[in-house]
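Working notes, beginning with the structure itself.
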Amino acid sequence: MKIAIAQINPIIGDLPGNAAKILCAAQQAAAKDVRLLLTPELSLCGYPPRDLLLNPSFIEAMHISLQQLVKDLPPNLAVLVGTVEENLQAENNGGKPLFNSMALLDNGIKQIFHKRLLPTYDVFDERRYFEPGLQANYFTLDNIDVGVTICEDLWNDEEFWGKRSYTNNPIADLAILGVDFIVNLSASPYSVNKQQFRETMLRHSAARFQQPIIYANQVGGNDDLIFDGRSFALNRKGELVCRARGFETDLVVVEFDEVQRDLLQTTVVAEYDNEDEEIWQALVLGVRDYAQKCRFSQVVLGLSGGIDSSLVAAIATAALGKDNVFGVLMPSPYSSKHSITDALALGESLGIKTTTLPIGQLMQGYDNTLADLFAGTQFGLAEENIQSRIRGNLLMAIANKFGYLLLSTGNKSEMAVGYCTLYGDMNGGLAVIADVPKTRVYSICHWLNHHFCTDAINRVSLIPENVLTKAPSAELKPGQVDQDSLPPYEILDDILQRLIHNHQSATQIVDAGHDAQIVDRVIQMVARAEFKRRQAPPGLKITDRAFGTGWRMPIASNWFSVKNAYESKTIPILHK
């Protein structure tokens, strides 16, 4: 039996368009004599549909689209399509009104399977909408028993994890039933090194239960989430027999040998050489899909001559083409000469259009207007932020005037500690590198320059070399550099990694070798910046702990101060 994986890129809510993508994949699969076609989780509506699921007309339209797809599919091809099914017992048992389901289409709707394990952590909130399925899912096709799991159903092997997050292990249940192989239909968001983890986890399960596993994953960007595809299959020994392309749509075919009762070896697409290349591919896909799915064809961004805007401009150019990226230089009296020349050099190396809008006169206008009110005070943060907000205002005006998508250029290190200005450099419709720490920004740019150059003979770098070597600065006052306000980025990023990703306490971070005063200051900065992050544009998620839909911190909170007091044993004893 030939099985194909349709690694498609759905648009959330585009039921006719998504159905057309499934149909196109089905026609290609039928031409290859495929008997079973797999599509990702909720492939008909796209994942995650979020509160669209609360709209009854959306659910009804999905049913209509599914019925039409049944009529259009090629004969003699069975297709598993991700959809939702109403829970008819919800009113009687107090359950959720819907199931996250897979429909088996084979000259009609033959069976419906419900997702059993519903994730409610990080970016997932499936318990908000869905009732869990209660039984093991499988079907028989041409005398072959196929076990069906949906995404999270695979993520509960207690031997691999050392614990169980859910009562049931759907893989173990299917192994007991003696199915011939297991398919998993997923919409698993990307984060760095997650593919390696997926394959390691499923290798363990395949070998443990002696079950071939075929994993079909969604690809594409949906809001802040990026789906990397990289669908794959494992034989019953846990050996990799195929892998689809990363960050691209794909159709791969794997064959189940009925004599060997196993999957046969086929094409395995190579993995990426390093994390920088993988992140680059993810961000390019994220920008391309966000722009196109939000119906933007062109983008605008501010070019400061710094490394962050340089990387964002390079990503945008790769995603949308040089003719669709517009860079705006906005020098102030405090801008260094090299900032202007570096920004212009970047624009030339990328081949994008640039313009220069000096802001000195606009700054003077603000100074004149505020002169009486600010009289007797020293130049400080308020005046510095006015410069950033002037630039943000100009960029928004350009975006509004020409229908461009404004890209914000702030990195994760800045977002974490609030080293950014609301209604200024935080303006935008998409924060491209908001989940990329500053040290990683440098690493990706070095990788870019190693792999791409605009002049191979003279080795002209894509990112101007001076951008990589000069001290980072917001240039909002004379002689300013980032380290006037922040610890060196290699120190800051390590503290943030331990605090945000590893959930380490201040004591643990200090024990790792960091200065106690710096650690306490960084923790306080992270806490105080929460109100800024709440108002930031969506940022593309590339780590397992991003400041997006999975980050749910209160703004009005004093926990970090109290927490530090507990850790230092200075909390006062409360008496009645």
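In this chain, numbering begins with 1 at the start of the sequence shown. Values reported hereafter were calculated over all heavy atoms of this structure, with side chains retained and with hydrogens, waters and symmetry mates removed.
Between Y166 and E152, the side chains place a donor N or O and an acceptor N or O closer than 3.5 Å (distance only, hydrogens not considered). Donor-acceptor pairing under 3.5 Å is lacking for the side chains of N100 and H114. A side-chain donor from one of S188 and R198 sits under 3.5 Å from a side-chain acceptor of the other. Side chain to side chain, N217 and S231 fail the donor-acceptor criterion of an N or O pair below 3.5 Å. Checked by atom type, the side-chain pair T149/N137 shows no donor-acceptor distance below 3.5 Å. Between the side chains of D72 and Q68, at least one donor N or O lies within less than 3.5 Å of an accepting N or O. Side chain to side chain, D157 and S205 meet the donor-acceptor criterion of an N or O pair below 3.5 Å. For the residue pair T249 / Q7, no side-chain donor-acceptor distance below 3.5 Å is found, with atom types taken as modelled. Judged by distance alone, the side chains of E275 and W447 never bring a donor and an acceptor atom under 3.5 Å apart.
Between K21 and D14 there is no salt bridge, since none of the side-chain N atoms of the basic residue sits less than 4.0 Å from a carboxylate O of the acidic one. Look at R116 and D153 and you find no salt bridge, because none of the NZ, NE, NH1 or NH2 atoms lies under 4.0 Å from a carboxylate O. Between K163 and E158, none of the side-chain N atoms (NZ, or NE/NH1/NH2) sits under 4.0 Å from a carboxylate O, so this pair counts as no salt bridge. With respect to R128 and D51, a salt bridge is recorded, a charged nitrogen being found less than 4.0 Å from a carboxylate O. A salt bridge links R50 with D223: the distance from a Lys NZ or Arg NE/NH1/NH2 to an Asp or Glu carboxylate oxygen falls below 4.0 Å. Under 4.0 Å is where a charged nitrogen must lie from a carboxylate oxygen, and between K541 and D435 no such pair does. Using a 4.0 Å cut-off between charged side-chain N and carboxylate O, R243 and E199 make a salt bridge.
By the 4.5 Å heavy-atom criterion applied to side chains, V254 and Q265 are not counted as neighbours. The closest side-chain heavy-atom distance from N9 to D289 is below 4.5 Å. A heavy-atom distance below 4.5 Å is not found between the side chains of E255 and L263. The side-chain heavy atoms of R261 and P212, taken from C-beta on, include no pair separated by under 4.5 Å. Looking only at side-chain heavy atoms (C-beta outward), Y272 and Q195 stay at 4.5 Å or farther from each other. Residues P132 and L117 are not in side-chain contact: their nearest non-hydrogen atoms beyond the backbone lie 4.5 Å or more apart. Side-chain contact between I279 and I444 is present, with at least one heavy-atom pair separated by less than 4.5 Å. Contact of the I214 side chain with the I3 side chain is registered, since non-hydrogen atoms from C-beta on lie closer than 4.5 Å.
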Expected list for residues 56-66: side-chain donor-acceptor pairs under 3.5 angstrom, two or more places apart:
unit_1 : atom_1 : unit_2 : atom_2 : d
S57    : OG     : N55    : OD1    : 2.6
S65    : OG     : A61    : O      : 3.1

Under 3.5 Å, which donor-acceptor pairs link side chains of residues 73-90 to any protein atom two or more places apart or in another chain?
unit_1 : atom_1 : unit_2 : atom_2 : d
N87    : OD1    : Q89    : N      : 3.2
N87    : ND2    : K96    : O      : 2.8
Q89    : OE1    : N92    : ND2    : 3.2

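A donor-acceptor pair under 3.5 Å is absent between the side-chain atoms of N156 and the main chain of P170, judged by distance alone. Remark: the backbone N or O of Y47 is paired with a side-chain donor or acceptor of Q218 at under 3.5 angstrom. Without hydrogens or angle criteria, N411 side chain to A434 main chain gives no donor-acceptor distance under 3.5 Å. In this structure, Q28 contributes its side chain and L251 its backbone to no donor-acceptor pair below 3.5 Å. Checking side-chain atoms of D142 against main-chain N and O of I144 turns up no donor-acceptor pair under 3.5 Å. At least one donor-acceptor pair under 3.5 Å links the side chain of E277 to the backbone N or O of D273. Looking only at distances, no side-chain donor or acceptor of K412 sits under 3.5 Å from a matching main-chain atom of I433.
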Dump the intermediate steps for salt bridge (Lys or Arg N to Asp or Glu O under 4.0 Å) on D180 and R236, then the final yes or no.
CA-CA 10 Å; D180 291 297; R236 64 175 63 254; 5.9 Å; no
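Separation of the F113 and F99 ring centroids does not fall under the 6.0 Å cut-off. Under the 6.0 Å cut-off for aromatic ring centres, F227 and Y190 do not qualify, their centroids lying 6.0 Å or more apart. Two rings, from F160 and F197, have their centers less than 6.0 Å apart.
Within a 6.0 Å sphere centred on CG of N143, other residues, nucleotides and ligands contribute 12 heavy atoms or fewer. Counting heavy-atom neighbours within 6.0 Å of Q196 CD, excluding the residue itself, gives a total of 12 or less. Residue K237 places its NZ atom among 12 or fewer non-hydrogen atoms of other residues, nucleotides or ligands, all under 6.0 Å distant. Counting non-hydrogen atoms of other residues, nucleotides and ligands closer than 6.0 Å to CD of Q535 gives a total above 12.
A cation-pi contact, defined as under 6.0 Å to the ring centre and within 45° of the axis, links R533 to F547.
Test V70, I22, L37 against L105 for side-chain contact (heavy atoms from CB on, under 4.5 Å) and you get one pass: V70. None of D308, D494, D493 except one satisfies the salt bridge (Lys or Arg N to Asp or Glu O under 4.0 Å) rule with K438; the exception is D308.
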